[in-house]
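Okay, so here's the structure we're looking at.
In the text below, chain A, chain B and the rest are named by the order of the sequence lines, each starting its count at 1. Heavy atoms only: backbone and side chains are in, while hydrogens, waters and symmetry mates are out.
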Amino acid sequence: MILAVASGKGGTGKTTVAIGLARAAAAEGRTVLFLDCDVEAPNAALFLHPEWEEERRVGVLLPEVDPEKCTGCGRCAEVCAYSALAVVNGKVLLFDDLCHGCGSCMRQCPEKAITERLHTTGSLHAGRAGAILFARGVLDVGRAMAPPVIRELKRWKLGGAGGPGRLAVLDAPPGASCPVVETLRGADRVLLVTEPTPFGLHDLEQAIGLARDALGLPVDVVLNRADEGDDAVERFCEKEGIPVVLRIPFDRKIAEAYSEGIAPDHAVPEVGRAFRDLLLVLAGREGG
Amino acid sequence: MMKQLVVLSGKGGTGKTSVAAALAVLASRERKIVLADADVDAANLAILLDPIEEERVDFVSPETAAIDPERCVACGLCAEACRFDAIPVEDSVYRVDPLGCEGCRACLWVCPEDAIRMEREPAGFRLRSRTPYGLLHHAHLFPGAENSGKLVSEVRREARRSALDGGADFILIDGPPGIGCPVIAASTGVDLALLVAEPTVSAIHDLARVRGAAEHFDVPCAIVVNKWDLNPGKTAEIERFAARDGLEIWGRIPYDREVPRTLVMRRPITECPAEGVRKAIAEIWEAARRAMDDAGDPFPTRG
């Protein structure tokens, strides 16, 4: 099973839920892969402390024009949907940050004057955190586009990781636009973590609109700090027929442990047990 | 001289919107201000500010490709050219997954049958609302829609227009989490980024990243510590970080369960019953005002 943990709103507890589930599954002897897809704010390693074994740089393929072959015809600029290329005085200018690396300019150049080089915008790291295989993407500071880093991370490590008896947990970024789409595509189900506040509800609706309505994925909800708010999220989930599969109560002990880099499943034993139960519920859904 | 301040954090959920709304309340008592919610995926500022919608303008997505099944001969060249895995094939039927498509047209250029056309869909809308504290520019991006950076830029453009038209001298922007495209769109050209950090390992890690991004784009920063007494040791770490980087700390908001209770009632934390919280917010606004009024530093004049 490939399980994505997402939320809409930031700071609701995606990472701690993803970690709790991954550790619960690993404790049962399942093969577990943890992918931190929040490449703008990758935090899971701060809790899981993996020993790094591999690293690679990733990015976007940028065009390089051979001035010997280029005739300045302008076809490359014409086919670029992002206005990343311009031809001025017969010379091709490239605006790196606008290029998505689609390769059209190279393919359409009548003189075959364009080749590509990798313009790195982030890095991928992989290693082991106990029994868990861990990998993450990190967008370089100052770079704009998270999706290519997420895409490369999934291409690198996700193949086969969600097969029978295996669990891949994808820790998604907040929001409901491109980086979340890139994370959720190809997942089997989505766990949405929220809090019982007007913010939590508003952003949960966004996340459901993406995960369930646009991507057609089965969704369940985890309510964090469940006793610290109103009942609007519960009523909404009931109306929409979305199961609330776990309620984590507010506990200052959890917040304090979290601040030191200790996830709730290790800080409070009952929470650890709750994740083991949740895993059974989710596995049951997959089987049925 | 008009000033723009954006509230950022790197990590989500550290209190950007709570701080922005509280600053809006206090600032509006002394100044004419305009507000902008630049977190268009998860726009929450309006929830705290009693907005009355005045204007709604549709936002269309960038183009995505679509394959005309009548013309398609299933040659597969489009899927081969697509670098975004957006043209899956099932039983020799090729179709474009609009959520994966980045609108690059690579498929369109390689299709020998002229079977591909580009389409645009509604992707959200931009809003202008009246609040007791000033005009609020915000937006709603449909789930899964692309190009939130462009919508953020539109929200900011409209906020600037309102400020110029209405003689406001302060634009307060509630920013998105992260460090990527929407954050860059929310903070290019602002006078200062106020970074909201919690004393947790994650928030400190992401604080350093967003500070790096702001530095990269030449935006000066100041820091607010939220829930500071949850972990005084980590708060001291944030203070050391600030001292090392020469950043001012504008305030420390205590950890108090009255804060979420106030937010659940959709009220800004200037109305929080906990006196320590209200005092901290007042100090933060004092620091913001001082910074705005001090010629140049840390609000340099911009063209």
Given heavy-atom pairs under 4.5 angstrom as the criterion, report whether the side chain, backbone, both or neither of A:Arg155 touches chain B.
side chain
Find the distance between OG1 (B:Thr200) and OH (A:Tyr258) and round it off to the nearest 0.5 Å.
5.0 Å
In terms of heavy-atom proximity below 4.5 Å to chain A, should B:Val210 be classed as side chain, backbone, both, or neither?
neither
Strictly distance-based, threshold 3.5 Å: is any side-chain N or O of A:Arg151 a donor or acceptor partner for the main-chain N or O of B:Asp85?
no
Answer yes or no: is there a donor N or O on one side and an acceptor on the other, between the side chain of B:Arg209 and the main chain of A:Glu40, under 3.5 Å?
yes
Under 4.5 Å heavy-atom distance to chain B, tell me which part of A:Ala146 shows up: side chain, backbone, both or neither.
neither
Using a 4.5 angstrom heavy-atom cutoff, name the option from B:Lys227, B:His140, B:Glu198 with the most pairs to chain A.
B:His140
Identify which of B:Ser202, B:Cys82, B:Pro98, B:Gly103 forms the greatest number of heavy-atom pairs closer than 4.5 Å to chain A.
B:Ser202
Side chain from CB out, backbone as N, CA, C, O: work out which of these in A:Pro42 comes under 4.5 Å of a heavy atom of chain B, or both, or neither.
both
Do A:Gln206 and B:Asp41 have side-chain atoms, one donor and one acceptor, less than 3.5 Å apart?
no
Just do the side chain to side chain contact (heavy atoms under 4.5 Å, CB included) check on B:Asn231 and A:Glu256 with the steps written out, would you?
CA-CA 7 Å; B:Asn231 190 328; A:Glu256 282 172 355; over 6 Å; no
Which atoms of B:Pro199 approach chain A - backbone, side chain, both or neither, heavy atom under 4.5 Å:
backbone
In terms of heavy-atom proximity below 4.5 Å to chain A, should B:Ser9 be classed as side chain, backbone, both, or neither?
neither
Let me confirm one number: the SG-CZ distance from A:Cys102 to B:Arg105, rounded to the nearest 0.5 Å.
10.5 Å
Side chains of B:Val201 and A:Glu260: does their closest heavy-atom pair fall under 4.5 Å?
no
Roughly how far, to the nearest 0.5 Å, is the CG atom of B:Asn44 from the NE2 atom of A:His202?
6.0 Å
Against chain A, label B:Ile47 side chain, backbone, both or neither, depending on which of its atoms sit under 4.5 Å from a heavy atom there.
side chain
Return yes if some donor-acceptor pair links the side-chain N/O of B:Trp109 with the main-chain N/O of A:Ser104 below 3.5 Å, else return no.
no
B:Leu141 side chain reached by A:Ser177 side chain, heavy atoms, under 4.5 Å:
yes
Proximal component of A:Phe199, with respect to chain B [non-hydrogen, under 4.5 Å]
both
Please state whether the side chain, the backbone, both or neither of B:Leu48 comes within less than 4.5 Å of a heavy atom of chain A.
side chain
Picking from B:Pro177, B:Ala145, B:Cys107, B:Cys104, which has the most non-hydrogen pairs under 4.5 angstrom with chain A?
B:Cys104
Enter the distance from B:Arg266:CZ to A:Asp230:CG here, rounded to the nearest 0.5 Å.
8.0 Å
Counting only heavy atoms closer than 4.5 Å, note whether A:Arg185 contacts chain B via side chain, backbone, both or neither.
side chain
So for A:Asp213, is it side chain, backbone, both, or neither that comes closer than 4.5 Å to the heavy atoms of chain B?
neither
Does any heavy atom of chain B fall under 4.5 Å from the side chain of A:Val181, the backbone, both, or neither of them?
side chain
In this structure, CD1 of B:Ile184 is separated from CG of A:Asp97 (nearest 0.5 Å) by 7.5 Å
Distance from A:Asp140 atom CG to B:Ile179 atom CD1, nearest 0.5 Å?
8.0 Å
Does any heavy atom of chain B fall under 4.5 Å from the side chain of A:Arg212, the backbone, both, or neither of them?
neither
Which of B:Glu102, B:Lys234, B:Lys11 touches chain A most, by non-hydrogen pairs under 4.5 Å
B:Glu102
